[in-house]
Amino acid sequence: GNSVTQMEGPVTLSEEAFLTINCTYTATGYPSLFWYVQYPGEGLQLLLKATKADDKGSNKGFEATYRKETTSFHLEKGSVQVSDSAVYFCALKASNTGKLIFGQGTTLQVKP
Amino acid sequence: EAGVAQSPRYKIIEKRQSVAFWCNPISGHATLYWYQQILGQGPKLLIQFQNNGVVDDSQLPKDRFSAERLKGVDSTLKIQPAKLEDSAVYLCASSLSQEENSPLHFGNGTRLTVT
């Protein structure tokens with residue numbers, strides 16, 4: 001079946017450090033891939049998406065590239081800020097069901 | 001545009017009591033979802049509606065959970081009777097369609113505590 005696996009957290013970085021949060025997926029067909037972010041006390045927000053292989057999604061300095069050959073969608077940011085502290089969820093939306101399946105989430109803590 | 005609205009924001013009940021959650025999706029969104037998010041885990045889909053029809057309720061514990069979307073707009077999720085393990089945040093989301101490139105928009109959720 002379809003599933004998403006994320007690296008375990010928490011990830012703790014200093015401000016301006018480089019961020020990578022790994023995400024791999026298993027899916028039949030050609031899913032779309034998403035990163036959602038959940039800031040403390042807030043709801044889930046769409047951060048970025050990619051709908052086909054080799055697409056790069058980007059937003060707020062974050063990027064992720066849809067890699068079909070490695071079934072991955074790693075999230076990266078060149079220089080993190082304290083305000084990026086949140087829980088990040090990788091997700092896929094199956095092409096045949098419209099069902100959004102989430103990974104377990106990765107907590108990012110950025111220290112000044 | 002207005003976002004997905006959910007109420008109440010918080011609810012505390014005792015086990016074996018009943019509770020209901022309400023969701024108003026973004027106007028024009030045909031697909032509505034209810035997710036359960038247990039602390040420290042990713043959201044898990046409970047039920048998916050396309051207009052007022054159920055598309056997927058395979059993960060809904062039907063002996064105690066029920067949901068409806070009678071006019072294809074608002075939706076309610078009910079738990080009767082509640083168990084301790086139902087303590088979680090219940091998220092409602094909507095999307096324009098079921099197509100894979102149509103993202104979900106989430107409400108702020110209802111945090112349920114069962115004591």
Side-chain angles (χ1 to χ4, degrees), chain A residues 1-10 21 23-25 27-53 55 57 59 64 66 68 73 86-107, chain B residues 1-10 21 23-26 29-51 53-60 88-111:
Chain A
N2 299 329
S3 66
V4 176
T5 302
Q6 291 180 234
M7 64 186 286
E8 289 196 18
I21 300 179
C23 170
T24 57
Y25 68 91
T28 53
Y30 302 97
S32 289
L33 301 174
F34 304 84
W35 277 99
Y36 280 81
V37 59
Q38 192 168 36
Y39 296 104
E42 299 185 18
L44 279 164
Q45 301 174 25
L46 177 65
L47 181 59
L48 54 84
K49 71 174 186 177
T51 58
K52 60 183 188 295
D55 267 4
N59 186 25
Y66 188 164
K68 190 166 181 290
F73 193 54
V87 183
Y88 292 82
F89 292 93
C90 185
L92 71 83
K93 195 174 187 194
S95 54
N96 56 342
T97 67
K99 182 175 174 177
L100 189 68
I101 297 168
F102 286 89
Q104 73 271 32
T106 302
T107 300
Chain B
E1 64 181 4
V4 176
Q6 289 188 248
S7 68
R9 190 72 194 270
Y10 304 93
F21 313 127
C23 172
N24 180 238
I26 293 173
H29 280 197
T31 315
L32 186 147
Y33 309 77
W34 283 101
Y35 281 83
Q36 179 193 57
Q37 186 178 14
I38 292 172
L39 187 65
Q41 299 181 18
K44 182 185 84 171
L45 180 69
L46 292 175
I47 189 166
Q48 176 182 341
F49 292 94
Q50 180 67 17
N51 296 310
V54 175
V55 173
D56 184 342
D57 63 356
S58 57
Q59 304 253 42
L60 189 73
V89 176
Y90 290 85
L91 298 166
C92 180
S94 68
S95 65
L96 269 174
S97 73
Q98 291 185 96
E99 291 182 11
E100 64 271 15
N101 61 359
S102 179
L104 275 65
H105 300 264
F106 285 83
N108 285 332
T110 296
R111 182 177 298 276

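Below, read A as the first sequence line, B as the second, and so on, with proteins coming before strands; counting in each chain starts at 1.
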For atom OH of A/Tyr39, is the number of surrounding heavy atoms from other residues, nucleotides or ligands below 6.0 Å larger than 12? yes

What's the spacing between B/Asn108 CG and A/Leu44 CG if we round to 0.5 Å? 9.5 Å

Chain A contact via B/Leu104 - side chain, backbone, both or neither, heavy atoms under 4.5 Å: both

With only heavy atoms counted, which part of B/Gln48 is less than 4.5 Å from chain A, the side chain, the backbone, both or neither? side chain

So does A/Glu8 have more than 12 non-hydrogen atoms from other groups sitting under 6.0 Å from CD? no

Please check if the side chain of A/Lys93 supplies one atom and the backbone of B/Ser102 the other of a donor-acceptor pair under 3.5 Å. yes

With side chains defined as the heavy atoms from C-beta onward, is the minimum distance between B/Leu45 and A/Ile101 less than 4.5 Å? no

Note: A/Gly41 and B/Arg9 closest approach over all heavy atoms is O-NH2, 3.3 Å

Rounding to 0.5 Å, atoms CG (A/Leu46) and CZ (B/Phe106) come to a distance of 9.5 Å

If you count the non-hydrogen atoms of other residues, nucleotides and ligands that lie under 6.0 Å from CD in B/Glu99, is the total more than 12? no

How about B/Pro43 and A/Tyr36: do any of their side-chain heavy atoms sit closer than 4.5 Å? no

Keeping the roles fixed (side chain from B/Tyr33, backbone from A/Lys99), state whether a donor-acceptor pair exists under 3.5 Å. no

Quick one: are B/Gln37 and A/Phe89 in side-chain contact, heavy atoms under 4.5 Å? yes

